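A quick note: this is a predicted structure, and the numbers were derived from the prediction, not measured. Scope of the values below: all heavy atoms of this structure, side chains included, with no hydrogens, waters or symmetry mates.
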Amino acid sequence: MGLTLYHFPPSAPSRGALLAAHAVGVNVDVQIVDLFKKEQLKNDFVKINPQHTIPTLVDDDFVVWESRAISAYLVNKYAKDDTLYPKDPSAKAVVDQRLQFDCGTLYPRFRAICFPILYQDEVEIYDEHRTPVDEALGLLDVFLDGCDFVCGDKLTIADC
């Protein structure tokens, strides 16, 4: 088995894909791609992933990118059971909903704060960015109310 994860440690989605690999129990060869140095634009990486996004997973001759797709792929192919990504349509829908919440609501709001600090030398977090993050975190608190994980009492890929 030849699993390689192209990874950038400061990236939350990249860390999520790595967490999913660990949760499934597979070993991955982690290759660091430094986005600050624009290593994702090197020709050899663009040949692997024409979108040049991180994380990217290579499993022998199969390539997939986008952290949530990587997580689902790893569970579907390597997990011993379906706890991390249920097959039951209702349970799976909740996991998918939480993944979409992360993708469409939570992560973009965090990115709005982090991007200017990391890439534009900003030193202050403005209320116009803080308020939407607080709102998203409030929704996340609702999902977690009475639960150990975002989809209930078991770890799923929505927690990675």
Can you give me the closest heavy-atom contact between [X] and [Y], atom names plus distance?
X      : Y      : result
Gln40  : Phe45  : O-CD2, 3.2 Å
Glu128 : Pro132 : O-CD, 3.2 Å
Glu66  : Thr53  : OE2-OG1, 4.2 Å
Ala69  : Val64  : CB-CG2, 4.0 Å
Gly146 : Asp153 : O-OD1, 4.3 Å
Ile48  : Tyr6   : CD1-OH, 3.5 Å

With hydrophobic residues grouped by side-chain heavy-atom distances under 4.5 Å, do [X] and [Y] end up in a single group?
X      : Y      : value
Phe36  : Val33  : yes
Val94  : Leu140 : no
Leu19  : Ile54  : no
Leu41  : Leu35  : no
Ile113 : Leu139 : yes

Q.
I'd like to know if the side chain of Arg98 and the backbone of Val150 have a donor-acceptor N/O pair within less than 3.5 Å.
A. yes
Q. So, does His129 use its side chain to make a donor-acceptor pair with the main chain of Ala112 at under 3.5 Å?
A.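 Judged by distance alone, yes, a pair lies under 3.5 Å.
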Q.
Tell me every residue that passes side-chain hydrogen bond (donor to acceptor under 3.5 Å, both in side chains) with Asp29, counting only those two or more places apart in sequence or in another chain.
A.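 Partners of Asp29 by the side-chain hydrogen bond (donor to acceptor under 3.5 Å, both in side chains) criterion, ordered by chain and then number, come out as Gln31.
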Q: Report the residues that fulfil side-chain hydrogen bond (donor to acceptor under 3.5 Å, both in side chains) with Asp96, sequence neighbours left out, ordered by chain and then residue number.
A: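 Expected list: Tyr85.
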Q. Hey, is Asp127 close enough to Arg130 for a salt bridge, meaning N to O under 4.0 Å?
A.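 Counted as a salt bridge, because a side-chain N and a carboxylate O are separated by less than 4.0 Å.
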Q. Could you walk me through whether Lys42 and His52 pass the side chain to side chain contact (heavy atoms under 4.5 Å, CB included) check?
A. CA-CA 9 Å; Lys42 290 183 176 180; His52 52 80; over 6 Å; no
Is [Y] close to [X] at the side-chain level, that is, under 4.5 Å between some pair of heavy atoms?
X      : Y      : result
Phe110 : Leu137 : yes
Leu57  : Leu3   : yes
Phe8   : Asp34  : yes
Pro55  : Leu18  : no

Q: Please indicate whether Asp88 has more than 12 foreign heavy atoms, meaning atoms of other residues, nucleotides or ligands, lying under 6.0 Å from its CG.
A: yes
Nearest-0.5 Å distance, [atom1] of residue [X] to [atom2] of residue [Y]:
X      : Y      : atom1 : atom2 : value
Lys154 : Asp148 : NZ    : CG    : 12.0 Å
Gln97  : Cys151 : CD    : SG    : 8.0 Å
Phe143 : Phe101 : CZ    : CZ    : 5.0 Å
Leu155 : Cys160 : CG    : SG    : 5.5 Å
Ser14  : Ile32  : OG    : CD1   : 7.5 Å
Ser11  : Arg111 : OG    : CZ    : 10.0 Å

Q.
The test is side chain to side chain contact (heavy atoms under 4.5 Å, CB included); show your working for Thr4 and Thr56 and say whether it passes.
A. CA-CA 8 Å; Thr4 301; Thr56 296; over 6 Å; no
Q) Only one of Asp82, Asp59, Asp60 forms a salt bridge (charged side-chain N to carboxylate O under 4.0 Å, His left out) with Lys77, so which one is it? A) Asp59
